[in-house]
Amino acid sequence: MFTNYIEVDIDKIQRNIENVKKISKNKNICAVVKANAYGLGATVIAKYIENQVSYFAVANFIEAKNLRVSGITKPIMILGFVSVEEANECVAYDIEIPVYDLSYAERINKSIDGLLKVHIALDTGHSRLGFREFEFDRILKLKQLKNLKIKGAFSHFSTADEEDKTFTHEQYEKFERLRKNLSDEFKIELFHIANSAASIYHDINSDIDRIGIVMYGIYPSDYLKEREDIKLEQVFSLKSRVSFVKNINPGDSVSYGRSFIAKDRMKIATIPIGYADGYFRAFSNVGEVLINGKIVKVCGRICMDQFMVDVSNIDCEIEDEVVIYPDIYKEANKIGTIPYELMTSFDMRLTRVYIKDGEIVEVDNYLGELYEN
Ligand SMILES: *Cc1c(COP(=O)(O)O)cnc(C)c1O
């Protein structure tokens, strides 16, 4: 019996990928498993979806190496910064990296031994990483860097999840111009720009769809959630158990700072998860969880490892199951964030439990592994 755990349904991830393939214009998937697969566990998930996808993407070298060492053989690309030292190791691990700055690319080229696969990052309006259109002459100089093999060119959208398609079209037009001009100069195998939102909402050519959030069954925005043309199944559920139940009297206060004072006699349950597990302190007095099929409200401040809820109107006892985010969109909105941030905040202390065909197929306990090895 697990106390604090994230249940991850592998079958649902696999079905979400197939559903995205059906609705997207593009058929090749790059599974974005950065940030430990948005908190759900990159190495296990990657293993189960490897034959459905043609690529994996992560944010940095440590994530990429971790994936490679775990046994993944499909191409792995890094989407963010890679240092010169790390670039050297990327050659050995066959990991692909972005280039977006000519002089840094020159330093990498000079330092490495062997051929490094790179993707030219293009800034079409996101202003994060990438060469801009007016720097085309600098992009051409990459030709002289003989240790870099240019395998791809890519860009990233800022507003593909919004109803208004104007800016996405502007970005895409820039990308198409760059695609044409780059194709005249280089032999580039993959041009890619689609993220989850673009894959399900825009008619866009991308040699691979770099999808993250939709694989995990979460819509990229509230707007896209309202659309019925793609069905996604949320693949995870964060669960805990009731650790204690008691009655309190009018005037009694709950938790640090006494921000909650009982008006009437109440029944209070304690849950052994807190902000150290990734259940944000911002949920103090506003969060809602599900116990025995009923929604109950947080009372008082979230502590590091525990919080309290009002169970006056429900039956519950020690050990009863608690579902922490009954509606992750609603909970995220309440505290001014998005499901992405709630998911990637799931701490190492939570056990990951993987289900396939209704059976537990794998259990990951990161802290256990740290302590035992
Ligand atoms: C994170 C990321 C993605 C995936 O975004 P989703 O909205 O989760 O699909 C794709 N491309 C880049 C460059 C990213 O940083």
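In listed order, ligands and their atoms are each counted from 1.
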Open item on the list: Return the closest protein heavy atom for atom 7 (O) of ligand 1 as residue, atom name and distance.
Closed with: Tyr340 OH, 2.6 Å
Task: NZ or CZ of Lys74 within 45° of Phe56 ring axis and under 6.0 Å - done: no
- [ ] Starting from atom 11 (N) of ligand 1, find the nearest protein heavy-atom neighbour and note its residue, name and distance.
- [x] Arg210 NE, 2.9 Å
Task: Exercise: do His192 and Ser206 side chains pair donor with acceptor under 3.5 Å - done: no
Task: Closest approach of any protein heavy atom to atom 12 (C) of ligand 1, naming residue and atom - done: His156 CE1, 3.3 Å
- [ ] Report yes or no: does Arg128 have a heavy atom closer than 4.0 Å to ligand 1?
- [x] yes
Task: Cation over ring face, Lys165 and Tyr201, 6.0 Å, 45° - done: yes
TODO: Could you check whether the rings of Tyr38 and Tyr216 sit parallel, tilted or perpendicular, using 30° and 60° as the cut-offs?
DONE: tilted
TODO: Starting from atom 4 (C) of ligand 1, find the nearest protein heavy-atom neighbour and note its residue, name and distance.
DONE: Tyr38 OH, 3.5 Å
Open item on the list: Applying the side chain to side chain donor-acceptor pair (under 3.5 Å) criterion to Glu362, which one of Arg352, Lys47, Lys356 satisfies it?
Closed with: Lys47
Open item on the list: So if I count the atoms of ligand 1 from 1 in the order they appear, which ones are less than 4.0 Å from some heavy atom of Lys34?
Closed with: 1 (C), 2 (C), 3 (C), 14 (C), 15 (O)
TODO: Measure from the side-chain N and O atoms of Asn292 to the backbone N and O of Asp315, and report whether any donor-acceptor pair falls under 3.5 Å.
DONE: yes
Open item on the list: Suppose we measure from atom 9 (O) of ligand 1 to each protein heavy atom; which comes out shortest, and what is that distance?
Closed with: Ser196 OG, 2.5 Å
